[in-house]
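Have a look at the structure below before the remarks.
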Amino acid sequence: MCGIVGYIGTQQAAPLLLEGLSRLEHRGYDSAGVAVVGPTGVRVAKRAGRVRDLQEELPKRFAGKAGIGHTRWATHGPATDANAHPHTDGKGDVAVVHNGIIDNANALRADLADAGVDLVSDTDTEVLAHLIALSDADTLEGKVSETLQRIDGTYGLAVLHADFPDRIVVARNGSPLIIGVGEKEMHVASDLAALVRYTTTVAHLEDGEIATITATGFTTYRADLTHAPRTATEVDVDPASYDVHGSDFMLREMLDQPAAAERVLRGRLDERFGTAHLGGLNMDARETRAIRRVKILGCGSAYYVGQMGASLIEELARIPADAEAASEFRYRDPVIEPDTLYVAVSQSGETIDTLLAVQEVRRKGGRVVGLVNVVGSAIAREVDGGIYLHAGPEVAVASTKALTTMFLGFALLALQLGRVRDLSIADGKRMVAGLQALPGQVADVLALSEELVEVAEQLAAAESLFFVGRVRGFPVAREGAQKFKEITYRHAEAYQTSELKHGPLALISPKVPTVAVVPHDELTDRNVAALHEISARGGPLVVVTHPDVDLGGITCRRVDVPRSERELDPILLTLPLQLLAFHAATHLGLDVDKPRNLAKSVTVE
Ligand code: F6R
């Protein structure tokens, strides 16, 4: 989604801003723009389309050693040149880039229109530029602070002003803003990816803060401009891992899963005591034993993996656990219980719904831990403790390797909770061995890729599909349907196999294939009976199953995956569903890495 960059120092800003924007492209965007401030005031170049289009059309003389840039993902108004950021006051005094949503934008637009201001875009951001320009405050910080007092909503923003060419003023409320400290130069970005190439010494602005950035340093303030001292620290990231240029990300990320699985497990398994060690949880044995319930919060695929995680926790730790869509959680005014452990799960660590759910829990005194991939991200910093997933940067919109590491993160958590409680050492050792074998088994399933091309092409021909599973298999089916719909644009619906008879069976026909998840478990026979019902109605079947499952001679395309420990089976059953979606979308000639209408990080509600 929208991205912000900024630069102030001794070099020309524009090339650095464009480079920074190109490093945010993978997040999803539909327009881009930059502004610089120099001796002749503020200059802006922006347009709908790609960063490289903007680069090609940049005016020759676009000089200035301070500047801001933005990639926009349309929320208020379509992707047009006028709606692209930066937005200005129309006089060339002020330029603003903004991530987030101003909730009272309509009222402010009406006030400005009444005051004779000519608004030229459909956006909420434009009002910020005008309010800053109209402020009587003597300093740019004062103008920004005064403006922010008039707005409701979320923002990460950066402001240039012709009268204050020696600074960029930034502010944050609910949308990330990072300051990068260089040698006689400073950077700003909404995502580490845009600045790690230049510096790994960073300061994260907190909600409600404003900062002044000059070529030689930065000063942070609270909203009322009292000082809120903040120091920059070194982030432990490998800049090379942020080199996200290229294509075929989903494919590469799927193939990275065996290595990602090894990374998340590394140093965390204890063979001797059959347990896991997750120091970052910041919970001692007494606190762990006091947990009566676990509530997992995530969005989209992270929510579905959260459902897999809830099963793992119930099975291994015997603690009641469930997962809930973080996007709904806080709107039902949830009861927060002191003996519940809340677990936020997120690849990006930026998903606004998950972040706001975490804040809701904390506001009400609950304890939240995180399973997060991006180091230093907003959710990682907001939680009381957690597990980093070490999946490495994930660029394709459709999440694959991050989900595998989330599943394994839950397995580690469940194992640690279980061993502090009632899980026997024998079962603990069984799980440790199962987890150690998993990276190799993941590689074995991925090796099926070529065999799945033909069946994926057949599935791609259908307008509508079902994905079905039961109990442990149901979140697998949900995740399979999610992957399929997001990159093939086919209608893919997940159902509990047991629920088919209660309605959806009416839709089964030779034109509606079903992808069924049928592990070897206590429900195999019932699952197979449901497959017969689908087959009897002419429904084509793809069955993802285990080699020792007897499908009773049913006509289907069978995909066998190796068995793991039964608690760990869901992740191996998920992998063929990723491959089916990938091959189907590739066959349809679609942009697998950047599906339409979707952004990698969903940073607005
Ligand atoms: C699906 C997908 C999304 C994300 C969801 C949460 O492939 O990627 O459904 O899982 O937007 O994102 P994170 O994990 O960054 O919070």
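Each ligand, and each atom within it, is numbered from 1 in the order the structure gives.
Ion pairing of K600 with D593 is absent here, as no side-chain N (NZ or NE/NH1/NH2) approaches a carboxylate O to less than 4.0 Å. Under 4.0 Å is where a charged nitrogen must lie from a carboxylate oxygen, and between R263 and D256 at least one such pair does.
Sorted by chain then number, the residues whose non-hydrogen atoms approach ligand 1 to under 4.0 Å are C299, G300, S301, A302, S346, Q347, S348, T351, V397, A398, S399, M406, Q482, K483, E486.
By the 4.5 Å heavy-atom criterion applied to side chains, V602 and C299 are not counted as neighbours.
By the side-chain contact (heavy atoms from CB on, under 4.5 Å) test, R332 is found to be paired with K295, E324, F329, P334, residues two or more places apart in sequence or in another chain being considered.
Evaluation of the side-chain hydrogen bond (donor to acceptor under 3.5 Å, both in side chains) test over residues 566-575, restricted to residues two or more places apart or in two chains, returns R430-E567. Within the structure, side-chain hydrogen bond (donor to acceptor under 3.5 Å, both in side chains) pairs that include any residue of residues 306-315 comprise Q307-R478, E315-R472 (at least two apart or interchain).
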